[in-house]
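To start, the structure under review is shown below, and the notes come after it.
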Amino acid sequence: MAQIPWNQRVWRLVNRIPEGRVASYGQIARLLGEPRKARHVGYALAATPPGLIIPWQRVVNGQGRISFPEHSEKYRRQRGKLEDEGVEFSESGRINLRLFGWQPEG
DNA sequence: CTCTTGACCCGAA
DNA sequence: CTTCGGGCCAAGA
């Protein structure tokens with residue numbers, strides 16, 4: 001289990017999130033059996049090598065919000081990608097996780 | 001060694 | 001809806 005480095009485990013799992021769906025940092029951490037490492041999921045994504053293509057945009061925080069300052073370039077890029085794949089945002093910039101949250105299995 | 005910094009989370013007001 | 005407080009832990013200064 002600990003054979004594979006944390007970052008790689010995160011990238012692999014994130015890679016399984018289907019288009020049009022999102023997962024939270026905490027959810028990813030829990031699925032990896034490390035419920036206390038929610039923030040480190042974010043660090044892993046931040047450390048993604050330029051060559052590695054993964055759907056990092058499908059990871060948001062537990063409230064269904066993008067974890068970047070609202071007017072930042074990063075925020076707009078992530079939101080744009082998600083909207084392109086059909087994810088909807090409320091007026092307050094929130095995603096309804098009941099509708100768009102990823103449930104492994106389902 | 002201690003302090004600070006985060007793509008976080010959760011419960012209680 | 002918001003704010004506050006506490007918890008978490010790796011990495012860098």
Side-chain angles (χ1 to χ4, degrees):
Chain A
M1 189 78 103
Q3 297 288 48
I4 306 172
W6 171 257
N7 285 7
Q8 254 185 54
R9 295 206 286 147
V10 171
W11 298 330
R12 263 207 223 180
L13 185 53
V14 167
N15 217 23
R16 292 179 65 264
I17 306 174
E19 189 178 314
R21 282 315 182 66
V22 298
S24 75
Y25 298 92
Q27 180 183 2
I28 298 295
R30 283 193 300 277
L31 288 170
L32 291 175
E34 299 281 1
R36 295 162 302 184
K37 290 194 181 178
R39 11 187 19 150
H40 301 283
V41 169
Y43 299 146
L45 294 183
T48 306
L52 182 60
I53 310 300
I54 59 173
W56 57 269
Q57 72 272 21
R58 297 179 193 150
V59 185
V60 298
N61 68 29
Q63 303 173 57
R65 301 176 136 294
I66 287 176
S67 287
F68 286 118
E70 244 201 82
H71 300 295
S72 68
E73 191 54 44
K74 298 267 201 149
Y75 178 95
R76 285 195 295 276
R77 186 141 24 105
Q78 181 170 6
R79 177 158 176 168
K81 279 175 178 273
L82 288 176
E83 287 178 327
D84 283 348
E85 49 185 78
V87 175
E88 294 168 17
F89 288 74
S90 75
E91 194 152 333
S92 58
R94 200 152 160 210
I95 298 167
N96 185 331
L97 295 178
R98 296 232 167 196
L99 297 177
F100 299 101
W102 173 46
Q103 333 274 359
E105 302 306 288

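Keep in mind that the numbers below use all heavy atoms, side chains included, and drop hydrogens, waters and symmetry copies. Bear in mind that the values here come from a model prediction, so they are computed numbers and not experimental data. Chain identifiers are assigned alphabetically (A, B, ...) following the order of the sequence lines, protein sequences preceding nucleic acid strands; residue numbering begins at 1 within each chain.
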Nearest-Å distance for atom pair CG/P, residues A:L13 and B:dA7: 21 Å
Rounded interatomic separation in angstrom, taking OH from A:Y25 and C1' from B:dC10: 17 Å
Strand contacts (DNA chain B) in residues 60-72 of chain A, 4.0 angstrom heavy-atom criterion: A:N61, A:G62, A:S67, A:F68
Touch class at under 4.0 angstrom, heavy-atom based, for A:R77 against every strand present: nothing
A:S24 side chain near B:dC8 phosphate (N/O to OP1/OP2, under 4.0 Å): no
Whole-Å distance separating the NE2 atom of A:H40 from the P atom of B:dC8: 11 Å
Test item: A:R65 and A:I95 side chains (from C-beta on) under 4.5 Å apart, heavy atoms: no
Phosphate OP1/OP2 of B:dC10: any A:R30 side-chain N/O under 4.0 Å: yes
C1' spacing across the pair B:dC1 / C:dG12, given as an integer number of angstrom: 14 Å
Atom pair CZ/CD1 of A:R12 and A:I4 - distance to nearest 0.5 Å: 4.0 Å
Sugar-phosphate, base or nothing in reach of A:S92, heavy atoms under 4.0 Å: nothing
Touch class at under 4.0 angstrom, heavy-atom based, for A:W56 against every strand present: base
A:E83 with A:R79: basic N within carboxylate O range, under 4.0 Å: yes
Whole angstrom value for the distance that separates P of B:dC8 from CG of A:L45: 10 Å
Donor-acceptor under 3.5 Å (A:Q27 side chain, A:W102 main chain): yes
Carboxylate-amine/guanidinium contact A:R76 A:E70, below 4.0 Å: no
Under-4.0 Å side-chain N/O to phosphate OP1/OP2 contact, A:R39 with C:dC9: no
d(CD, A:E34; C1', C:dA10) in whole Å: 13 Å
Euclidean distance, atom CD1 of residue A:I54 to atom C1' of B:dA7 [Å, nearest integer]: 12 Å
Side chain A:R30, main chain A:P35, donor-acceptor under 3.5 Å: no
Pair A:W11, A:T48: side-chain N/O donor-acceptor within cut-off below 3.5 Å: yes
Separation of the P atoms in C:dG6 and B:dA7, to the nearest angstrom: 23 Å
For atom NZ of A:K37 and atom P of B:dC10, their distance in whole Å: 18 Å
Rounded interatomic separation in angstrom, taking CG from A:L97 and P from B:dC10: 11 Å
